[in-house]
Amino acid sequence: MAEILEKQKMNIVIAGHVDHGKSTVIGRLLADTGSLPDGKLEQVQENCRRNSKPFEYAFLIDALKDEQSQGITIDTARVFFKTVKRNYIILDAPGHIEFLKNMVTGAARAEAALLVIDADEGVRENSRRHGYMMSMLGIRQIAILVNKMDLKAYSRDVFEAIVKEYTAFLKEINVVPACFIPVSAMLGDNIAALSPQHMPWYTGKTVLDMLDAFEKEPPPLDKPFRMPVQDVYKFTRFGDNRRIVAGTIETGSLALGDEVVFYPSGKKSRVKTIECFNAPAQTQAVCGTAAGFTLEEQIYVTRGELATKAGEPKPRVSSRIRVNLFWLGRDPLVQKKDYLFKLGTARVTARLEEVRRVIDASDLNAASKNQVERHDVAECVFKLNRAIAFDPTSDIGATGRFVIVDNYEIRGGGIIAEGLDDRQTWLRETVMLRNYKWEKSIISPEKRAEKYNQKSTLLVLTGEKQVDRKAIAKQLEDRLFEDGKVVYFLGIGNVLYGIDADIKGRDGNQHQEHMRRLSEVANILLDAGIILLLTAVELTQDDLEIMKTTVSPEKIETVWVGENVTTDIAYDLQLTQHENVEESVDILKAYLQDKGIIFRPW
Amino acid sequence: MDHLEQLESLSVHILREAYASFKNLCMLWSIGKDSTVLLWLARKAFYGHVPFPLVHIDTNFKIPEMIAYRDRLAREWGLEMVYGMNEEALREKQTFPDGAIDRIACCRNLKSTALANTLSGKWPRYVLNHKTGSYEVYKNTEPYTGVIVGVRADEEGSRSKERYFSPRDRENSWDFGDQPPEFWNQFKTDFPPGTHLRIHPLLDWTELNIWEYIERENIPTVSLYYNQGDGKRYRSLGCYPCTTPIESPSRNVAEIIEELKSGGLKNVAERSGRAQDKDDGGGLETLRRDGYM
Ligand SMILES: Nc1nc2c(ncn2[C@@H]2O[C@H](COP(=O)(O)OP(=O)(O)OP(=O)(O)O)[C@@H](O)[C@H]2O)c(=O)[nH]1
Ligand SMILES: [Mg+2]
């Protein structure tokens, strides 16, 4: 029992050009090591006989009917295989370009790779593309199998020529191959045993030896602590009042009493307990663990933030990033279009700002284009609608990887090379410091929300000059107040001539400073649990972004009042003014109820 | 971390992603060892709570002990326990045990069709009332958009190609020629209205892993899995007319683990006791295309 529990687990991907023999290698490996369930080989052979088609070792893996009838792998299979040393999951990837997304799906889980090249066909387009993709996916150990040696009379020269050509290619992408093995998958040469009879000149490792020779990378324990927050749980059933911050630890470790800092907000607290179910209480949690902890002080954190440890290197926080990505979508990646960008547990809207260069992954030729086509690899700059926390991949792999979603599907993925400065870098630094230094009340935000029976919210009413926002805001304030809500109306003028008395004018930096101060005031009032109604003329998206950097973005609701939208602001709701003030107030109240900010009476 | 801890962590991560992404989420519980491990993992993920309903498709031909065990755990663990069944097919006796149809068609009637209509909310769902201890009609008829299922990749060919998050269209069917990519713990969690996703947290587990974990965590299982003295036990649980016990001496979890590792079951496929697999030419592909688990 103990010996089995200590056995390592490793995921290996097998990739390469279509028809070069990947599935056959795996089928043969299973057969020659006695790893198939009893009768499985005979059953597949019998099936072939019945359908009068020649038996293929690949049919042991290509289980789908379409795969067998077309003699092609369509989707990556997980094949379980064990040696004395390890338990393997071998991911048999398809080689056809059409199924590149399936190859990526398999390869991204792998710690090492076997790349198969047909001795007869030589190095082909996907031999190179797969090699490149694997290096991008972060796989560092690659062994190359030169297959179908039987078709080339087991010629050493043919083998050496392929070794030379492919080694040169790998060098260009900075990959050092673990080894090259000449094999015949069909006949079993050098798969599970050496073949002195066919290839006496080869005395290196067999494929089976190579699997066990791959090295297990040590877990990234010595890196800074990083945990993307998946959720904050508070299940009140059975009188449970723990508030648990949950997520999977990507790197580093966490111990009781550690000070944790969440980014992009910069909020901090101390670890009170490390939670677990059906296990003794823990004092520490290490990378790889799906963990959960409670905090000493109740701070408001949500899914999408990155938990880190004070005193360790900080992550980057930015809304502009330079990335390397691969594109799988049928439609090209283009500018002026909103994409969904997912990194860790964060989700933001992203726009392609610039394509710096596009690389054809099959020949490494670079071109300059302003869009990225299917199966291309490119270096680009993205603008995100909200700053996120990440690490450049050269520092920490796991927290610098992202995917791009369009029309419900993952269309591409990549790694962040660096965070670029955006216009709000300075503001963000101030806010993080302010949050870090924030003196917290004993009364938690939840307690306040419960007491006031409302969620503290900033409702921004903006619109054209001549439209009467204030009348609506004041009426709404009155109505909510009568309903017993803790509500406050703030006109922008109330701030302008007091707090802002030392800065004048509406130009550039000063305008930004106005917005910043206003948002800081709002932040204090929101912390006090209030519903704050703010009116201001013609706010722009830039203004809103300053607010969202200063105040938790989930707490802001924006309403455009009036028919004509004269700025670029992305508002949540529009009042067209067909309604009178009373009706507008009704609509706003219903909206707040829908959003769960105030509750419907029952 | 040992291999069980690694498997556990990935499964918990997937369960938490599912919970964060879907409003109408449920977990299918077949009462078998895999979905019971899955249920246990949910309690791990959510620290003793299971924040979504457990859905059981009752074929009416389940071994009675399974139902008793289901209701006992539902009560002990405070589960939101829901079941659904194909009442029409049972009434009209359109089943294999009634001699009306073959095994595959019966699976389709009592499992796939019942499942599809229970998930969509078209047919009545019954929920356990913890106060009265009996089942009553469930008021919630909203379709489930995320369905957590305990299938494992090592069970048979088509399952070895599954995704952790696998989309199903309006007809509940699976297009495995065109599955979404899935990498770096980023899953398909966005989907058009009318479709739903199956979530498979156990894909990387083997049958042996399941038993090792049951042993380590001391998870309660149905006694049908163990030899009670007659030298027979069930290796996989289904409907009694189509599932036969295997010859096996194993009386407890430790003995099953030994039997799988080095004993008589070392090289024997798990579902060899399930008759419907053989009728499908050795695979479950046809059934699974149409929404079978
Ligand atoms: N002569 C010879 N043929 C081989 C050998 N290995 C594989 N083949 C044949 O090459 C063809 C393709 O083999 P597969 O294993 O299906 O190739 P694959 O790389 O998995 O193909 P995809 O997954 O579709 O990309 C089959 O007809 C095999 O029989 C070999 O060592 N020698
Ligand atoms: Mg193949």
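Numbers restart at 1 for each chain; the letters A, B, ... are given by sequence-line order, proteins then strands.
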Subject >> Separation between CG of B/L203 and CZ of A/R109, rounded to the nearest 0.5 Å >> reply: 9.5 Å
Original post:
In terms of heavy-atom pairs under 4.5 Å with chain B, which of A/A77, A/A279, A/A108 leads?
Top reply: A/A77
Subject >> Region of A/I410 that comes under 4.5 Å of a non-hydrogen atom in chain B >> reply: both
Original post:
Please walk me through it: do B/R163 and A/D75 pass side chain to side chain contact (heavy atoms under 4.5 Å, CB included)?
Top reply: CA-CA 10 Å; B/R163 296 288 194 265; A/D75 211 331; 3.0 Å; yes
Original post:
With only heavy atoms counted, which part of A/E98 is less than 4.5 Å from chain B, the side chain, the backbone, both or neither?
Top reply: neither
Original post:
Closest approach of B/F183 and A/G413, non-hydrogen atoms and distance?
Top reply: CE1-CA, 3.9 Å
Original post:
Do the non-hydrogen side-chain atoms of B/E182 and A/T76 ever get within less than 4.5 Å of each other?
Top reply: no
Subject >> 4.5 Å side-chain heavy-atom contact, A/K82 and B/T206 >> reply: no
Original post:
Are A/R78 and B/Y164 in a cation-pi setup, meaning NZ or CZ lies under 6.0 angstrom from the ring centre and within 45 degrees of the ring axis?
Top reply: yes
Subject >> Under 4.5 Å from a heavy atom of chain B, the part of A/T236 involved >> reply: neither
Subject >> Engaged part of A/R303 at the chain B interface, taking heavy atoms whose separation is under 4.5 Å >> reply: side chain
Original post:
Of all heavy-atom pairs between B/S9 and A/A290, which one has the smallest distance, and what is that distance?
Top reply: OG-N, 3.2 Å
Original post:
Heavy-atom distance under 4.5 Å to chain B: side chain of A/L91, backbone, both or neither?
Top reply: neither
Original post:
Which bit of A/R86 is near chain B, if near means a heavy-atom gap under 4.5 Å: side chain, backbone, both or neither?
Top reply: neither
**OP:** Might you point out which heavy atoms bring A/R347 and B/D190 nearest each other, and give the distance in Å?
**Re:** NH2-OD1, 2.7 Å
Subject >> Proximal component of A/R411, with respect to chain B [non-hydrogen, under 4.5 Å] >> reply: neither
Subject >> Interchain contact, A/A291 with chain B, by part (heavy-atom threshold 4.5 Å) >> reply: backbone
Original post:
Regarding A/N87 and B/H3, is there a side-chain donor-to-acceptor distance under 3.5 Å anywhere?
Top reply: no
Original post:
In terms of heavy-atom proximity below 4.5 Å to chain B, should A/Y233 be classed as side chain, backbone, both, or neither?
Top reply: side chain
Original post:
Once you round to the nearest 0.5 Å, how far does CG of B/N209 lie from CZ of A/F80?
Top reply: 7.5 Å
Subject >> Most contacts with chain B, counted as non-hydrogen pairs under 4.5 angstrom, among A/T248, A/N278, A/L137 >> reply: A/N278
**OP:** Would you give the length of the straight line joining atom CG of B/D204 to atom NZ of A/K9, rounded to the nearest 0.5 angstrom?
**Re:** 6.0 Å
Original post:
A/E409 and B/P180: which non-hydrogen atoms are nearest, and at how many Å?
Top reply: OE1-CB, 3.5 Å
Original post:
Given the options B/A153, B/P181, B/A20, which has more heavy-atom pairs under 4.5 Å with chain A than any of the others?
Top reply: B/P181
Original post:
Going by heavy atoms in the side chains, are B/E17 and A/D231 under 4.5 Å from each other?
Top reply: no
Just list the side-chain donor-acceptor pairs under 3.5 Å for residues 38-48 of chain B, sequence neighbours left out, or say none.
| residue | atom | partner | partner atom | Å |
| --- | --- | --- | --- | --- |
| B/W40 | NE1 | B/E217 | OE1 | 3.1 |
| B/K44 | NZ | A/F277 | O | 3.2 |
| B/K44 | NZ | B/E8 | OE2 | 3.4 |
| B/K44 | NZ | B/E217 | OE1 | 3.3 |
| B/K44 | NZ | B/E217 | OE2 | 3.2 |
| B/Y47 | OH | A/G292 | N | 3.1 |
| B/Y47 | OH | B/R16 | NH2 | 3.0 |

**OP:** May I ask you to name which of A/G138, A/G344, A/A107, A/A398 has the most heavy-atom pairs under 4.5 Å with chain B?
**Re:** A/G344
**OP:** Name the option with the most non-hydrogen atom pairs under 4.5 Å to chain A; the candidates are B/Q6, B/K188, B/H13.
**Re:** B/H13
Original post:
Relative to chain B, which segment of A/L340 carries a heavy atom at a distance below 4.5 Å: side chain, backbone, both, or neither?
Top reply: side chain
Original post:
So, B/K161 side chain and A/D62 main chain: donor-acceptor pair closer than 3.5 Å or not?
Top reply: no
Original post:
Under the side-chain hydrogen bond (donor to acceptor under 3.5 Å, both in side chains) test, which residues partner B/S11, sequence neighbours left out?
Top reply: B/W205
**OP:** Taking the side chain as every heavy atom from C-beta outward, state whether B/T189 and A/K342 have any pair of such atoms under 4.5 Å apart.
**Re:** yes
